[in-house]
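Some notes on the structure that comes next.
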Amino acid sequence: MAEFPKAYIPKDAEERWYPYWENHGYFHAKVNAKKKPYTIVIPPPNITGILTMGHVLNNTIQDVFIRWKRMQGFETLWMPGTDHAGIATQNVVEKSLAKEGKSRHDLGREEFLKRVWSWKEQYGSTIIRQLRRLGTSCDWERERFTMDEGLSAAVQEIFIRLYDKGLIYRGKYIVNWCPKDHTALSDDEVNYGEQNTNLWHIKYPIKDTKEFAVIATTRPETMLGDTAVAVHPKDERYKHLVGKMVLLPLTNREIPIITDEFVDPAFGTGMVKVTPAHDPNDYWVGQRHNASMGQRHQMPFINILDESARLNENVPQKYQGMDHLEARKQVVKDLEELGLMLKIEPYVNNVGRCYRCDSVIQPYLSDQWFVKMKPLAEQALKVVEDGTIRFYPERWVKTYEHWMTNIRDWCISRQLWWGHRIPVWYCEGDEFCTLECKQPLVSKTKPEKCPHCNCTELRQDEDVLDTWFSSWLWPFSTLGWPHDNPDLRYFYPTDTLVTGPDIIFFWVARMIMAGLEVTGEIPLPDGSQRKRKEDLVPFKHVYFTSIIRDVKGRKMSKSLGNSPDPLDVIAEYGADALRFTIVYLAPLGQDVMYSNEKCEMGRNFANKIWNAGRFLLMNKEQLKAESAENGGQAARSAGKPISSGTGTISDAHLDLADRWILSRLHSTVDEFNTLLDKFEINQATKIIYDFMWHDFCDWYVEMIKGRLYGSEPTEVKEVVLNRALYVFDQALRLLHPFMPFVTEDLWQRLAERAEGESIMVSDFPAADTKRIDTKTELEMRFVQNTIESIRNVRGELSVPPSKEVSIIIHFADKSKAEVIQKYRSYFQRLARVTNIEQLTDGQKPKQAASAVVEGGEVFIPLEGIIDLGAERERIEKEIAHNQKMFDSIQGKLSNDSFVSKAPQAVVEKEREKLENFRTSLEKLKKNLERL
RNA sequence: GGACGCUUAGCUCAGCUGGUUCAGAGCGCCGCCCUUACAAGGCGGAGGUCGUAGGUUCGAUCCCUACAGCGUCCACCA
């Protein structure tokens, strides 16, 4: 026999089979009109990323679906790739530049981008290499990158189309501005933290009255940009002031008192200064105000800061050029001198800081590009609500709905260098230009001249697009969109998206919008037009994975350093163990507390399977040798490889154990497929685990040992063994999507395999419901229970395994006694019972331990060894338990309303149970007495 | 502040749309075993009034309400 160590060595299988699969092209998908496609696109990991436990879970789940469907005969495409991750990547490169004492500005844009690209070439596929170690069956030949040529073309294409449709526009927007880096930050790039500061209460004189409007602020200097004072519309205290003008101190401006719902009357004085250019709330107040007021009452947005947060020309001369903190001191001082500072109280507030340089970010009004989301969101909302796209777990639909109905426009420009440059050009004007031409020109390439004024001095927009602006096209841009091609027609839409719920808005929602927006133009494989919603949506099912936490319940993150390196885990436990364990631990929609030791479960399981295979193959060798001695036919049948198709097996010499294991196999297969269809994938791991370990190893294998080691003819043994091999083969296939390596390794050993054969392209088991046999399962259950009862007696009375016993059985139902007699060999092997006698009515065994089982009793004469005290204790325990059940059922049955209102069948069942407990109790009590 | 989720054995968690696989698994623990696949194993055992208080129902771990604790997301902190 080939080398077959006692313990499974994951590394050997992993290094052997991954290249084998890849070299045979099993990961590669091709258009195949005879098969149905099944597609998953990977959520592209950042090129800066390294593999985390989150990735392990996410990609294992995808691989499970992909391998399952592939074996079921689908043409299966798992599209891999990576994301350019604008800011993250730019950061990494900037940091390495900083070590050389340089900034990106020292290099200039072009040179800097060269550096980023070369960084990407060198390190950008780290995570992809790591992913392969997990055993993922991605179609690597198709690997894409969000900034490769095709995807960049797709980005430009959609930008231009949406611009032409009026869905992309340029506008002013409050952004999180880092005054040091001179860039806008997205909300998730801002770190919030508490800071001790003051709350300054300032009095604004109200024109034509003696009153003051008292406002409180944490940033007094921004008052120079105030354009209103706001109160809540229902605030009775200030009703009489609404519409009046306030004299803004330190400036010569008059600003109105207006109303807005957002003001909290309970905070401070209930009056708030409005600085629309320097506060997000105030920005929206200003927007709302201007939208509801006529032209004459438009509120200006006065920007008082420059890019470095210094005060600009829109403030009185004396403050110009000051840093905003310096200006704050000055403003406070000046107000105090004017007697307008009512009070200053200490205050703790949250300030946002740049996640890179930790500078306090400034809300800042700037020119940005936007996508108008409302029109896109409408359809995207509908397809989720009507079930064209289903979420698992479903509850995320609510979150999705909430966001989609309150959606704001998407700011897509980023002040970065690394990313897709915005395909917009501005006319700079030249010495001959007479027009004030500022029209943006949207074009994939630099236009020769401005169509409005004919100037040739054109400058491209400096900004790049948000990283998500390429991600939202991922399900079809990776297939070649906007160019029509057979792959796109065939593999789009994809089937399942597996991702985290944290990016439901950033990514999932936007992919749905983009898919609905553009994929109608892709013909179906037969050339007809794509019209139905289900052909336009980018995926049909979205599986939201669990969040992986550490043992303290903290989210695993790079910054906490609490995420184990999956490669270390793979080295220690094996890829299969990691895959199986993490999926086993992750029920749909629940978080997972993960620690490495938990992988022992997966490792032990892999080892268990390994040894089951080892057992079968050792016997196969043994039988081969045996039949070689005998010569003749037996040799041929034993040497015959078991079927590698769905297979049929001999029904000769079918025993209880055989019928039972086949029944269990088929119901497991049936349940397995149902569970995966419902995305209850951790349930699926549980049933395959139980089948393999408990049904197959603990019972079935133990039960066939009697026949394999017994005196039966070699050919009978061969039939028995071949059947066991068949069941094992089927179980390996079931398990293969979860544990690809150990299952492949064993499957290859089970029979002579031709070059290129693989479990990963073998047929997935199909449930044959005719094999599911409840009668057999009941009979087996009776045998198992009886064996367990005997074991229980032996265990409780500390009868060592080496000690064989005889039993005396007593059954009212003769057929039960017959079953035990018939399968005495099982009792011999599994309960160490040598002799079985029947007790005739009226007889009483002496000095025997006893067990009450379904329909009768089993006595174990233990003269000499029996510890009466222990046995009495054991029976008393049994009695107590039975009595408890008996009482509770009797209570139920003596309740009239239960008997009259509960369904008849339920009542009947309870009565039956009551009788069973009654007879058990009688027997137990009698046996106790006898002692 | 809004939305959602969680609370079951010492630990980590299952339990799919109310009544036999309803009280489960793995780890840990206790006892007996190196029985010729596996000590990464086998057999047996102990451990829980299923967060608290009400309600619906003949019947609640499961459905409803409130509360407590934990957590996630969103908004906000003038």
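What's counted below: heavy atoms across the whole structure, side chains too, no hydrogens, waters or symmetry copies.
Nucleotides B:G1 and B:G47 have their C1' atoms positioned 43 Å apart, rounded to a whole Å. Comparing B:A68 with B:C30, their C1' atoms sit 36 Å apart, to the nearest whole Å. Spacing between B:U20 and B:U35 at atom P, rounded to whole Å, works out to 41 Å. Distance check on atom C1': B:C27 versus B:C22 gives 23 Å, rounded to whole Å. Nucleotides B:U17 and B:U12 have their C1' atoms positioned 27 Å apart, rounded to a whole Å. Nucleotides B:C11 and B:G55 have their C1' atoms positioned 34 Å apart, rounded to a whole Å. To the nearest whole angstrom, the two C1' atoms, one in B:G48 and one in B:G15, are 14 Å apart. Of the P atoms belonging to B:U65 and B:G2, the separation is 16 Å, rounded to the nearest Å.
Secondary-structure stems of RNA chain B, taken as three or more successive Watson-Crick or G-U wobble pairs (i with j, i+1 with j-1) under a 3.5 Å distance threshold, comprise B:1-7 with B:68-74, B:10-13 with B:24-27, B:29-33 with B:41-45, B:51-55 with B:63-67.
Note: A:Tyr709 and A:Phe615 have perpendicular aromatic rings, judged against thresholds of 30 and 60 degrees for the angle between ring planes. Relative orientation of the A:Phe696 and A:Phe728 rings is parallel, given thresholds of 30° and 60° on the angle between their planes. In this pair, A:Phe505 and A:Trp403 present their aromatic rings parallel. The plane angle is below 30°, not in the 30 to 60° band.
Between A:Asn792 and the phosphate of B:G45, there is a side-chain N or O to OP1/OP2 separation shorter than 4.0 Å. Within the structure, every side-chain polar atom (N or O) of A:Lys273 is placed at least 4.0 Å from both OP1 and OP2 of B:A78. Between B:G42 and A:Trp693, a contact under 4.0 Å exists linking OP1 or OP2 to a side-chain N or O. Listed pair A:Asn895 / B:G59 fails the phosphate criterion, with no side-chain N or O lying under 4.0 Å from OP1 or OP2. For A:Tyr709 and B:A37, the shortest distance from a side-chain N or O to OP1 or OP2 is below 4.0 Å.
Distances from the side chain of A:Phe898 to the nucleotides B:A40, B:G19, B:C13 place B:G19 closest. Checking B:G31, B:G45, B:A78 against the side-chain heavy atoms of A:Lys877 singles out B:G45 as nearest. Of all nucleotides listed (B:G41, B:C32, B:G26), B:G41 comes nearest to the side chain of A:Asn604. Listed nucleotides: B:A37, B:G19, B:C4. Nearest to the side chain of A:Val906: B:G19. Checking B:C43, B:G19, B:U20 against the side-chain heavy atoms of A:Arg791 singles out B:C43 as nearest. Minimum atom distance to the side chain of A:Arg395 is reached by B:C4, of the listed B:U35, B:C4, B:A78. You'll find that the side chain of A:Val272 is closest to B:A78, out of B:G19, B:A78, B:G42. In this structure, of B:C58, B:C73, B:A37, it is B:C58 that holds the atom nearest to the side chain of A:Ser897. Comparing B:G44, B:C13, B:C58 against the side chain of A:Pro903 picks out B:C58 as the nearest. Listed nucleotides B:C74, B:A40, B:A14 differ in distance to A:Lys686; the shortest reach to its side chain belongs to B:A14.
B:A25 atom C1' lies 14 Å from atom CD1 of A:Ile687, rounded to whole Å. A straight line from CZ of A:Phe544 to P of B:C4 spans 17 Å, rounded to a whole angstrom. In this entry the distance linking CG of A:Leu585 with P of B:C27 reads 13 Å, nearest Å. For the pair A:Trp403 CH2 and B:A3 C1', the computed distance is 16 Å after rounding to whole Å. The CG-C1' distance, from A:Asp690 to B:A25, rounds to 8 Å in whole Å. Straight-line distance from the NE2 atom of A:His402 to the P atom of B:C73: 16 Å, rounded to whole Å. Look at CG on A:Leu725: it is 13 Å from C1' on B:A37, rounded to the nearest Å.
Within 4.0 Å (heavy atoms only), A:Leu199 reaches sugar-phosphate atoms of the nucleic acid but no base atom. Using a 4.0 Å heavy-atom criterion, one finds that A:Glu788 contacts the sugar-phosphate atoms exclusively. When heavy atoms are screened at a 4.0 angstrom cut-off, A:Lys608 is found touching base atoms of the nucleic acid. Among the atoms of the strands shown, none is found under 4.0 Å from any heavy atom of A:Thr399. Looking at heavy-atom distances under 4.0 Å, A:Lys678 makes contact with a base. If you check every strand for non-hydrogen atoms under 4.0 Å, A:Tyr347 touches sugar and phosphate atoms only. Nucleic acid contact class of A:Pro501 (heavy atoms, under 4.0 Å, all strands): none. Within the 4.0 angstrom heavy-atom criterion, no nucleotide atom of any strand lies near A:Asp502. Nucleic acid contact for A:Ala902: base, since at least one base atom lies under 4.0 Å from a heavy atom of the residue. Among the heavy atoms of the strands lying under 4.0 Å from A:Tyr584 are primed sugar atoms or P, OP1, OP2 only; no base atom is included.
Nearer the 5' end of RNA chain B, as judged by each residue's closest nucleotide, is the contact made by A:Glu910, out of A:Glu910 and A:Pro801. Residue-to-nucleotide proximity on RNA chain B shows that, of A:Ala612 and A:Arg219, the 5′-proximal contact is made by A:Ala612.
Heavy-atom distances under 4.0 Å link RNA chain B to no residue of residues 778-786 of chain A.
Figure legend: cation-pi geometry between A:Lys686 and A:Tyr584, with NZ or CZ positioned under 6.0 Å from the six-membered ring centre and within 45° of its axis. Taking the ring axis of A:Trp200 as reference, the NZ or CZ atom of A:Arg219 does not stay both within 45° of it and closer than 6.0 Å to the ring centre. Relative to the six-membered ring of A:Phe4, A:Arg749 meets both conditions, a distance below 6.0 Å and an angle of at most 45° to the axis.
In terms of modelled atom types and a separation under 3.5 Å, the side chain of A:Asp729 and the main chain of A:Leu725 share no donor-acceptor contact. Side-chain atoms of A:Thr685 come within 3.5 Å of backbone atoms of A:Asn682 as a donor-acceptor pair (strictly under, hydrogens ignored).
A salt bridge links A:Glu804 to A:Arg832: at least one charged side-chain nitrogen sits closer than 4.0 Å to a carboxylate oxygen. No salt bridge links A:Glu401 with A:Lys398; every basic N to acidic carboxylate O contact stays at or beyond 4.0 Å. One finds no salt bridge joining A:Glu912 and A:Lys909 here, because no Lys/Arg side-chain nitrogen approaches an Asp/Glu carboxylate oxygen to under 4.0 Å. By the 4.0 Å N-to-carboxylate-O rule, A:Glu910 lies close enough to A:Lys913 to be salt-bridged with it. Salt bridge absent: A:Glu854 and A:Arg781 never bring a charged side-chain N and a carboxylate O closer than 4.0 Å.
Contact annotation: side chain of A:Glu796 to base of B:A46, donor-acceptor pair absent below 3.5 Å. Not a single donor-acceptor contact under 3.5 angstrom links the side-chain atoms of A:Lys6 to the base of B:C38.
With a glycosidic angle more than 90° from 0, B:G42 adopts the anti conformation. B:U21 shows a glycosidic angle within 90° of 0 and is accordingly assigned syn.
Within 6.0 Å of NE2 in A:His881 there are 12 or fewer heavy atoms belonging to other residues, nucleotides or ligands.
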